[in-house]
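Take a look at the structure set out below.
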Amino acid sequence: MIYISGSISNDPDYKRKFKKAERYLSDNYVGVIVNPVEHCELNFDVKNTSWHDFMIFDLNLLKKCNKIFMLKDWQESVGATIEHMWAQKLGIEVIYE
């Protein structure tokens with residue numbers, strides 16, 4: 001499973017960016033693609049959920065994966081930086097866009 005990570009809060013076009021990454025990964029990697037944007041929209045009332053609750057949910061998704069795909073803007077995001085660190089601590093393979 002490959003988890004997509006990148007800036008969300010700082011990017012008004014984040015949905016398109018994550019969907020584009022999902023298409024790229026499905027064309028180039030074998031396995032399940034985990035797009036946290038879609039998972040959160042399916043599982044939460046997005047407007048009434050805290051950033052912290054999203055992060056806990058996303059980190060639990062990430063720990064089930066064996067790879068993480070870091071979008072180019074990941075270093076601009078506190079959440080993506082946390083996901084990157086978590087992946088490294090868990091020994092998850094990191095792939096950079």
Side-chain angles (χ1 to χ4, degrees):
M1 291 175 57
I2 305 171
Y3 181 95
I4 304 168
S5 179
S7 180
I8 292 176
S9 300
N10 301 326
D11 185 348
D13 199 27
Y14 70 91
K15 288 182 183 182
R16 184 196 59 77
K17 175 179 65 179
F18 273 73
K19 196 63 171 166
K20 181 180 174 186
E22 186 178 351
R23 283 191 303 272
Y24 167 78
L25 290 168
S26 66
D27 289 343
N28 292 284
Y29 292 92
V30 176
V32 175
I33 312 302
V34 178
N35 181 340
V37 171
E38 291 182 356
H39 284 279
C40 285
E41 287 181 347
L42 291 173
N43 291 286
F44 293 98
D45 174 3
V46 175
K47 293 188 187 282
N48 295 310
T49 302
S50 73
W51 178 88
H52 297 94
D53 287 336
F54 283 127
M55 282 306 305
I56 291 167
F57 181 80
D58 290 346
L59 292 173
N60 280 310
L61 277 176
L62 174 55
K63 77 178 180 182
K64 297 175 184 176
C65 297
N66 60 346
K67 296 179 184 179
I68 185 170
F69 183 73
M70 305 303 301
L71 297 172
K72 290 179 185 176
D73 63 359
W74 74 270
Q75 292 175 308
E76 299 168 18
S77 165
V78 172
T81 302
I82 291 168
E83 291 168 344
H84 183 263
M85 180 188 67
W86 183 241
Q88 289 182 317
K89 293 289 184 189
L90 295 174
I92 294 170
E93 179 183 351
V94 180
I95 302 166
Y96 299 94
E97 182 178 28

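No hydrogens, no waters, no symmetry mates; every other heavy atom, side chains included, goes into these values.
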Show me, pair by pair, the donor-acceptor contacts under 3.5 angstrom made by side chains of residues 87-97, not counting sequence neighbours?
from  : atom 1 : to    : atom 2 : distance (Å)
Tyr96 : OH     : His84 : NE2    : 2.7
Glu97 : OE1    : Lys72 : N      : 2.7

Inset, instruction - Please check if any side-chain donor atom of Glu76 sits under 3.5 Å from a side-chain acceptor atom of Asn10, or the reverse. - result: no

Inset, instruction - Evaluate side chain to side chain contact (heavy atoms under 4.5 Å, CB included) for Ser7 paired with Lys17, printing each intermediate quantity in order. - result: CA-CA 10 Å; Ser7 180; Lys17 175 179 65 179; 4.0 Å; yes

Legend entry - Rounded distance [0.5 Å steps], CG in Asp73 versus OG in Ser5: 8.5 Å

Show every donor-acceptor pair shorter than 3.5 Å between a side-chain atom in residues 60-70 and any protein atom, with sequence neighbours excluded, or say none if there are none.
from  : atom 1 : to    : atom 2 : distance (Å)
Asn60 : OD1    : Lys63 : NZ     : 3.3
Asn60 : ND2    : Ile56 : O      : 3.0
Asn66 : OD1    : Met1  : N      : 2.8

Inset, instruction - To the nearest 0.5 Å, tell me how far Tyr24 OH sits from Ile4 CD1. - result: 11.5 Å

Inset, instruction - Please test Lys15 against Glu38 for side chain to side chain contact (heavy atoms under 4.5 Å, CB included), starting from the C-alpha separation and ending with a verdict. - result: CA-CA 8 Å; Lys15 288 182 183 182; Glu38 291 182 356; over 6 Å; no

Inset, instruction - Output yes when a side-chain donor or acceptor of Ser77 lies under 3.5 Å from a complementary backbone atom of Trp74, and no otherwise. - result: no

Inset, instruction - Starting at CZ of Arg23, measure out to CG of Asn28 and round the result to the nearest 0.5 Å. - result: 12.5 Å

Legend entry - Listed partners of Tyr3 passing ring pair (Phe, Tyr, Trp, His ring centres under 6.0 Å), at least two apart: none

Inset, instruction - Supply the atom-to-atom distance Asp58 CG to Ile8 CD1, rounded to the nearest 0.5 angstrom. - result: 6.5 Å

Inset, instruction - Check whether any side-chain heavy atom of Phe54 lies under 4.5 Å from a side-chain heavy atom of Pro36, and answer yes or no. - result: no

Inset, instruction - Measure the spacing between CG of Leu25 and CD1 of Ile2 and express it to the nearest 0.5 Å. - result: 5.0 Å

